[in-house]
Student: 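Take a look at this one; I'll ask things after.
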Amino acid sequence: MKKVALAFDLGGTELRAALVDSEGSLLSFSAVPTHAAGGPAAVIQQIELLAASALAEMPDLVPVGIGIGAPGPLDPEAGIVIAPPTLAGWYEVPLADILSSRFQLPVRLENDANAAALGEWRYGAGRGARSMVFVTVSTGIGGGVIVDGRTLHGRRGLAAEIGHMTITSEGERCFCGAIGCFEAVASGTALGRRATARTRQSDGSMLRKLSADGEVTGRHVVDAARNGDALALELLSAEARWLGIGFTNLLHLYSPDILVMGGGISHGFYLLHDTIVATVRERAMPAYRDVPIVPAQLGRHAGLIGAASLILEDEAISSSGNAL
């Protein structure tokens, strides 16, 4: 029988579930808005209902376990969600134990960015690499690091908060309270904020037309740049410069075989690529300049696929051991 895992991607905005097989294919999929303000009990009830929906799509398949990606900080070894800022009332919640008790299945918990990194490493753009850095550039900046075939976790699973490395002493204050975070200057939110500041309501610009005269987002900038808008292209050039500076730091720190960029802003990857690479070549030591920087391949499902792989890889190792 085909081995499958039940996977969840728990975000502050959306909760998604899928049955995923050992090839990284989604066999069923369900999603609902996360009841983030309702506390752990409300969200866990949503998880149970969503699981029933995903399983009902494929009634002949029985999952061998549950993998879940959730916002950090969290402790993957203990299976505890520590205190995510996007989920109200979550403090030291033993989510893995709770779900294991409810479903009577083994449960693996992982930081959502690490889960997406695992997905890309095992089934996407990083497949075949020994070491990889995955960077997601969207509302914020997150990521995961694979070093010598293993996810880098650090103390209590808190390693690789790459969005909060300091890359300048100026700019807007980050939500974490610091000034100069990578996320504060290079996220999609930061890009949208710069675009909004450079335009005015009803000014006739493409950016304001795309935003219906509201706040301009990073995705609006990408869409306008794809249509050749001069201001959007200028803004993306500055964005690529900041990304190149941050990526240079990551190359020096982790020396990966490949750096994979995902998230909403990666939809403009080919408009960003040349300036990112030029910045890396200008700033990186020679030995790091030839590391490929590529777009992610799995899109919004990377986290689900990576979460499922936590279970499926365990199952494969166990089966291999039994065979011996």
Side-chain angles (χ1 to χ4, degrees), residues 9-12 67-87 90-96 107-122 124-126 129-167 174-178 180-187 243 245-263 284 288 291 293 296 298 302-307 309-311 313-314:
D9 188 352
L10 171 57
I68 181 164
L74 59 77
D75 185 334
E77 289 191 16
I80 294 172
V81 179
I82 297 172
T86 55
L87 296 173
W90 287 65
Y91 179 73
E92 301 287 343
V93 177
L95 185 59
V107 176
R108 292 286 303 277
L109 176 69
E110 182 57 275
N111 176 284
D112 51 6
N114 284 344
L118 279 170
E120 288 291 343
W121 178 59
R122 286 176 169 153
R130 180 71 178 163
S131 297
M132 181 195 85
V133 170
F134 173 74
V135 184
T136 176
V137 185
S138 193
T139 303
I141 290 181
V145 179
I146 309 296
V147 178
D148 297 330
R150 298 175 66 88
T151 305
L152 179 65
H153 283 126
R155 185 182 66 87
R156 294 205 76 187
L158 301 177
E161 281 289 349
I162 62 177
H164 298 288
M165 64 180 175
T166 300
I167 64 170
C174 183
F175 85 87
C176 74
C181 289
F182 189 25
E183 176 173 300
V185 297
S187 65
L243 290 172
I245 292 170
F247 290 178
T248 299
N249 290 348
L250 297 174
L251 296 177
H252 285 156
L253 283 168
Y254 300 117
S255 188
D257 297 313
I258 190 169
L259 189 150
V260 178
M261 177 180 165
Y288 300 86
V291 175
I293 299 172
L298 302 182
L304 282 169
I305 294 169
S309 78
L310 293 166
I311 291 293
E313 287 295 311
D314 281 354

Student: Answer yes or no: is there a side-chain heavy-atom contact under 4.5 Å between L243 and F182?
Tutor: yes
Student: Supply the atom-to-atom distance R122 CZ to L310 CG, rounded to the nearest 0.5 angstrom.
Tutor: 6.5 Å
Student: Using only atom types and a distance under 3.5 Å, with no angle test, would you say the side chain of E183 pairs donor to acceptor with the backbone of I141?
Tutor: yes
Student: Rounded to the nearest 0.5 Å, what separation is found between the CG atom of N111 and the CD1 atom of I68?
Tutor: 12.0 Å
Student: Where do G69 and A307 come nearest, in terms of heavy atoms and distance?
Tutor: N-CB, 3.9 Å
Student: Which heavy atom of G142 sits nearest to which heavy atom of A113, and what is that distance?
Tutor: C-CB, 4.4 Å
Student: Taking all non-hydrogen atoms of both residues into account, name the closest pair between A159 and G154 and its distance.
Tutor: CB-N, 3.7 Å
Student: Per the salt bridge (Lys or Arg N to Asp or Glu O under 4.0 Å) rule, what does the pair list look like for residues 245-256, sequence neighbours excluded?
Tutor: none
Student: For C174 and A184, work out which heavy atoms get closest and say how close.
Tutor: CB-CB, 3.9 Å
Student: Just by modelled atom types, is the A125 backbone N or O under 3.5 Å from a matching donor or acceptor in the E120 side chain?
Tutor: yes
Student: Out of curiosity, E77 CD to H153 NE2, how far, rounded to the nearest 0.5 Å?
Tutor: 7.5 Å
Student: Can you give me the closest heavy-atom contact between G163 and C181, atom names plus distance?
Tutor: O-CB, 3.5 Å
Student: Find the distance between CG (L10) and CG (L95) and round it off to the nearest 0.5 Å.
Tutor: 7.0 Å
Student: Donor-acceptor pairs under 3.5 angstrom involving side-chain atoms of residues 247-262: please list them, not counting sequence neighbours.
Tutor:
| residue | atom | partner | partner atom | Å |
| --- | --- | --- | --- | --- |
| T248 | OG1 | G244 | O | 2.7 |
| H252 | NE2 | M285 | N | 3.0 |
| D257 | OD2 | R130 | N | 3.0 |
| D257 | OD2 | S131 | N | 2.9 |

Student: For the residue pair F134 and A296, what are the closest heavy atoms and their distance?
Tutor: CE1-CB, 4.2 Å
Student: Given the rule in the side chain to side chain contact (heavy atoms under 4.5 Å, CB included) test, do E110 and T151 qualify, once you have shown the distances and angles that lead to the verdict?
Tutor: CA-CA 10 Å; E110 182 57 275; T151 305; 4.2 Å; yes
Student: How many angstroms lie between atom CG of N114 and atom CD1 of I146, to the nearest 0.5 angstrom?
Tutor: 7.0 Å
Student: Between D75 and L109, is the side chain to side chain contact (heavy atoms under 4.5 Å, CB included) condition met? List the steps.
Tutor: CA-CA 8 Å; D75 185 334; L109 176 69; over 6 Å; no
Student: Please walk me through it: do E92 and I82 pass side chain to side chain contact (heavy atoms under 4.5 Å, CB included)?
Tutor: CA-CA 4 Å; E92 301 287 343; I82 297 172; 3.6 Å; yes
